[in-house]
Amino acid sequence: MKNNLKNEEIEKTDTTKYIILIRSINPNIKMKQFREDLNKIKGFQNVKIWCRTGNVILDLDNTISRQELNEKFIEFLESKKCNMKNPIIKNYTVEEYKTILSYNPFIEKKIKDKSIVFFPMGENLLTELKFNRVNNKNEKENDENDEKEEKEEKEEKEEENEFQSNCKLIEGIIFYNGPTSGNPSTIKNFIKLNKITQNGSGYETTHRRYESAKKVLEMAM
């Protein structure tokens, strides 16, 4: 009997808890059935769902690699059960996820806008955003006069300063603190970040409000 108990204890700890984030989950998916179907996938255990925005917590059998986790999950999302095309997912161990959230530079700032976490996608993202602005400038007509050029350079500098004040790149993670809805002119930085991280951009990732991300972590602990 004792040996059996020991074996059971070993089996229970022979897993790693992961947090999987899905971008733009199909709104037609029924979360109860979604969780039940995930629990049936070999190697997936104790599946939990937070909210309806694509936050999954599960225990993964340690015989399954992270790459296999991705493959199994994407295959499931693309199946008729979920009917998602080219889904974007990110997976992290609980400790990795906790570390990511700890980097948020806006935690102590009393700003009305809630901070957003764009999960790791590489150190070149901000460079890419700046590069896009340079390209746009070079595409302008060559016959612009000096006064107009000076005005546009000033506007671009102001835009750059605003961008740098509410967007921070830390360890390959973008932290954004600013409005996410309203007049397009007031949310241009969020639109820019959202666009460059969408499917096919080369920087595919997902994002969450910091407070929501914290609740997912709490559920996983």
Side-chain angles (χ1 to χ4, degrees), residues 1-104 107 116-123 170-175 197 199 203-221:
M1 176 66 96
K2 289 183 178 179
N3 288 337
N4 289 337
L5 286 173
K6 286 182 179 179
N7 289 336
E8 287 178 7
E9 289 174 1
I10 291 171
E11 289 174 3
K12 286 180 181 178
T13 58
D14 199 21
T15 59
T16 301
K17 192 175 292 293
Y18 278 88
I19 295 172
I20 296 97
L21 306 176
I22 308 166
R23 176 165 180 157
S24 302
I25 190 168
N26 186 338
N28 295 321
I29 293 174
K30 306 298 182 184
M31 289 297 111
K32 182 179 179 181
Q33 187 62 51
F34 184 67
R35 180 177 61 80
E36 290 175 357
D37 288 338
L38 280 172
N39 263 319
K40 293 176 184 177
I41 296 176
K42 186 177 180 180
F44 291 10
Q45 303 174 30
N46 304 319
V47 176
K48 297 178 182 178
I49 308 292
W50 188 84
C51 204
R52 296 182 52 83
T53 51
N55 308 285
V56 179
I57 302 162
L58 58 80
D59 294 331
L60 181 71
D61 191 309
N62 285 338
T63 60
I64 298 175
S65 68
R66 178 170 283 190
Q67 182 177 346
E68 289 175 306
L69 164 60
N70 262 6
E71 291 171 354
K72 283 174 176 283
F73 217 100
I74 289 174
E75 181 180 1
F76 171 68
L77 293 176
E78 290 180 331
S79 71
K80 290 182 179 179
K81 291 181 178 180
C82 299
N83 199 27
M84 290 182 65
K85 186 178 180 181
N86 300 321
I88 296 173
I89 68 169
K90 291 286 181 178
N91 70 67
Y92 307 97
T93 65
V94 173
E95 284 306 310
E96 289 170 344
Y97 192 85
K98 185 177 180 180
T99 299
I100 289 168
L101 298 190
S102 72
Y103 289 140
N104 189 351
I107 295 175
I116 308 292
V117 184
F118 283 80
F119 286 85
M121 74 294 289
E123 293 290 340
I170 303 174
E171 298 294 328
I173 310 155
I174 287 289
F175 292 94
T197 57
N199 213 326
Y203 295 98
E204 294 89 346
T205 191
T206 187
H207 61 272
R208 296 290 185 274
R209 288 190 179 277
Y210 176 72
E211 291 302 320
S212 296
K214 279 204 310 180
K215 289 178 180 178
V216 173
L217 178 61
E218 289 168 6
M219 189 175 188
M221 297 295 283

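Side chain of R23 to main chain of T205: a donor-acceptor pair is present (N/O by atom type, distance under 3.5 Å, no hydrogens or angles). Not one N or O on the side chain of N46 forms a donor-acceptor pair closer than 3.5 Å with the backbone of D59. Checking side-chain atoms of T16 against main-chain N and O of N62 turns up no donor-acceptor pair under 3.5 Å.
In this structure the side chain of F44 reaches within 4.5 angstrom of the side chain of F73, judged on heavy atoms. Between V56 and V47 the shortest side-chain heavy-atom distance falls below 4.5 Å. Side-chain contact between L21 and R208 is present, with at least one heavy-atom pair separated by less than 4.5 Å. Counting only heavy atoms from C-beta outward, the side chains of T53 and I25 never approach each other to under 4.5 Å. For the pair V117 and F175, the minimum side-chain heavy-atom distance is below 4.5 Å. Using a 4.5 Å heavy-atom cutoff, the side chains of M219 and N55 are not in contact. At a threshold of 4.5 Å between non-hydrogen side-chain atoms, the residues W50 and L217 do not count as touching. In this structure the side chain of N86 never reaches within 4.5 angstrom of the side chain of E204, judged on heavy atoms.
Counting non-hydrogen atoms of other residues, nucleotides and ligands closer than 6.0 Å to CD of Q33 gives a total above 12. In the displayed structure, K72 atom NZ is contacted under 6.0 Å by more than 12 heavy atoms of other residues, nucleotides or ligands. Surrounding CD of E68 are more than 12 heavy atoms belonging to other residues, nucleotides or ligands, all under 6.0 Å away.
C82 and N26 make their closest contact through O-ND2, 3.0 Å (heavy atoms, listed as atom of the first residue, atom of the second, distance). Considering all non-hydrogen atoms of both residues, R52 and I29 come closest at NH2-O, 3.1 Å. Of all heavy-atom pairs between I74 and P87, the closest is CG2-CG, 4.0 Å. Here the shortest heavy-atom pairing between A220 and I57 reads N-CD1, 3.7 Å.
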>> If you apply the rule ring pair (Phe, Tyr, Trp, His ring centres under 6.0 Å), what do you find for Y97 with Y18, and how did you get there?
In response: CA-CA 9 Å; Y97 192 85; Y18 278 88; over 10 Å; no
> Hey, mind stepping through K214 and E211 against salt bridge (Lys or Arg N to Asp or Glu O under 4.0 Å) and telling me if it holds?
Replying inline: CA-CA 5 Å; K214 279 204 310 180; E211 291 302 320; 3.6 Å; yes
> Does the pair K40 and D37 meet the rule for a side-chain contact (heavy atoms from CB on, under 4.5 Å), with working shown?
Replying inline: CA-CA 5 Å; K40 293 176 184 177; D37 288 338; 4.1 Å; yes
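Separation of atoms OH (Y92) and CG (L101) is listed at 10.0 Å; rounding is to 0.5 Å. Once rounded to the nearest 0.5 Å, the distance linking CD1 of I41 with CG of L69 reads 9.5 Å. Expressed to the nearest 0.5 Å, how far CG of D14 lies from OG1 of T63 amounts to 7.5 Å. Within the model, atoms OG1 of T206 and CZ of F118 stand 9.0 Å from one another, a figure rounded to the nearest 0.5 Å. With rounding to the nearest 0.5 angstrom, the NZ atom of K90 is 8.5 Å from the CG atom of N70. Atom CG of L60 sits about 11.5 Å away from atom OG1 of T93, to the nearest 0.5 Å.
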